[in-house]
Participant: 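What follows is a structure written as structure tokens; I'll ask about it next.
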Amino acid sequence: MSDCIFCKIVNGEVPAEVVYNGPNVTAFRDINPQAPVHILIVPNRHIEHIRDWAAFDGDVLKEMFQAANEVAAMEGIAESGYRLMFNFGPDANLVVPHLHLHLLGGRPLGPMVARQE
Ligand code: AMP
Ligand code: ZN
């Protein structure tokens with residue numbers, strides 16, 4: 001997709017700190033990290049939403065989880081722990097409509113969802 005920032009990162013048109021580069025998946029550091037380790041794991045192909053399940057061939061999801069596992073080990077947080085997270089739609093604050101898995105860690109992350117008054 002020509003207008004998609006994550007497609008541009010995958011294609012090398014926009015710079016990013018890439019930490020994993022595989023046949024179906026790329027992982028790079030989030031530009032606005034919410035934890036000491038904050039990495040985005042994305043399919044190389046533009047898949048917009050989990051509802052586009054037909055766009056996943058078996059290897060894409062498998063490699064996303066493989067990459068998460070490898071990157072967590074490389075970042076030294078495999079044992080201390082980390083959180084994997086997808087956002088979809090406005091209630092989840094989705095900003096970039098190219099499927100991405102957040103990998104967060106490097107400090108205690110607290111409860112999964114912040115309590116709001
Ligand atoms: P989400 O709210 O799940 O759509 O998250 C999108 C994430 O992409 C945010 O955490 C942004 O900080 C991150 N992001 C946006 N543009 C870039 C970029 N050019 N390089 C790295 N991360 C980015
Ligand atoms: Zn894209």
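When a ligand or atom number is given, it counts from 1 through the structure's own listing order. The analysis underlying the following values was restricted to heavy atoms, covering all of them including side chains, and did not include hydrogens, waters or symmetry mates. For the single chain, residues carry numbers from 1 onward in sequence order.
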Participant: Determine all donor-acceptor pairs shorter than 3.5 Å in which one atom belongs to a side chain in residues 88-97; sequence neighbours excluded.
Facilitator:
none

Participant: So which residues, sorted by chain and number, lie with a heavy atom under 4.0 Å of ligand 1?
Facilitator: Ile5, Phe6, Ile9, Phe28, Arg29, Asp30, Ile31, Asn32, Leu40, Asn87, Asn93, Leu94, Val95, Val96, His100, His102
Participant: Are Leu84 and Ile50 joined in one hydrophobic group, where the rule is that I, L, V, M, F, W and Y side chains link up if heavy atoms are under 4.5 Å apart?
Facilitator: yes
Participant: Considering only distance and modelled atom types, tabulate donor-acceptor pairs under 3.5 Å from the side chains of residues 14-24, sequence neighbours left out.
Facilitator:
from: Glu17; atom 1: OE2; to: Arg29; atom 2: NE; distance (Å): 3.0
from: Tyr20; atom 1: OH; to: Glu63; atom 2: OE2; distance (Å): 2.8
from: Asn24; atom 1: ND2; to: Glu63; atom 2: OE1; distance (Å): 2.9

Participant: Tell me whether Val42 shares a hydrophobic cluster with Ile39, the cluster being built from Ile, Leu, Val, Met, Phe, Trp, Tyr side chains joined at under 4.5 Å.
Facilitator: no
Participant: Can you list, pair by pair, the side-chain donor-acceptor contacts under 3.5 Å of residues 100-109, counting residues two or more places apart and other chains?
Facilitator:
from: His100; atom 1: ND1; to: His98; atom 2: O; distance (Å): 2.6
from: His102; atom 1: ND1; to: His38; atom 2: NE2; distance (Å): 2.8
from: Arg107; atom 1: NH2; to: Gln34; atom 2: O; distance (Å): 2.7

Participant: Considering only N, O or S atoms, which atom of His98 is nearest to the Zn ion (ligand 2)?
Facilitator: ND1
Participant: At the Zn ion (ligand 2), what angle lies between atom SG of Cys4 and atom ND1 of His46, rounded to 10 degrees?
Facilitator: 110°
Participant: Measure the spacing between CD of Glu70 and CD1 of Ile41 and express it to the nearest 0.5 Å.
Facilitator: 10.0 Å
Participant: What distance do Tyr82 atom OH and Asn69 atom CG have between them, rounded to the nearest 0.5 Å?
Facilitator: 5.0 Å
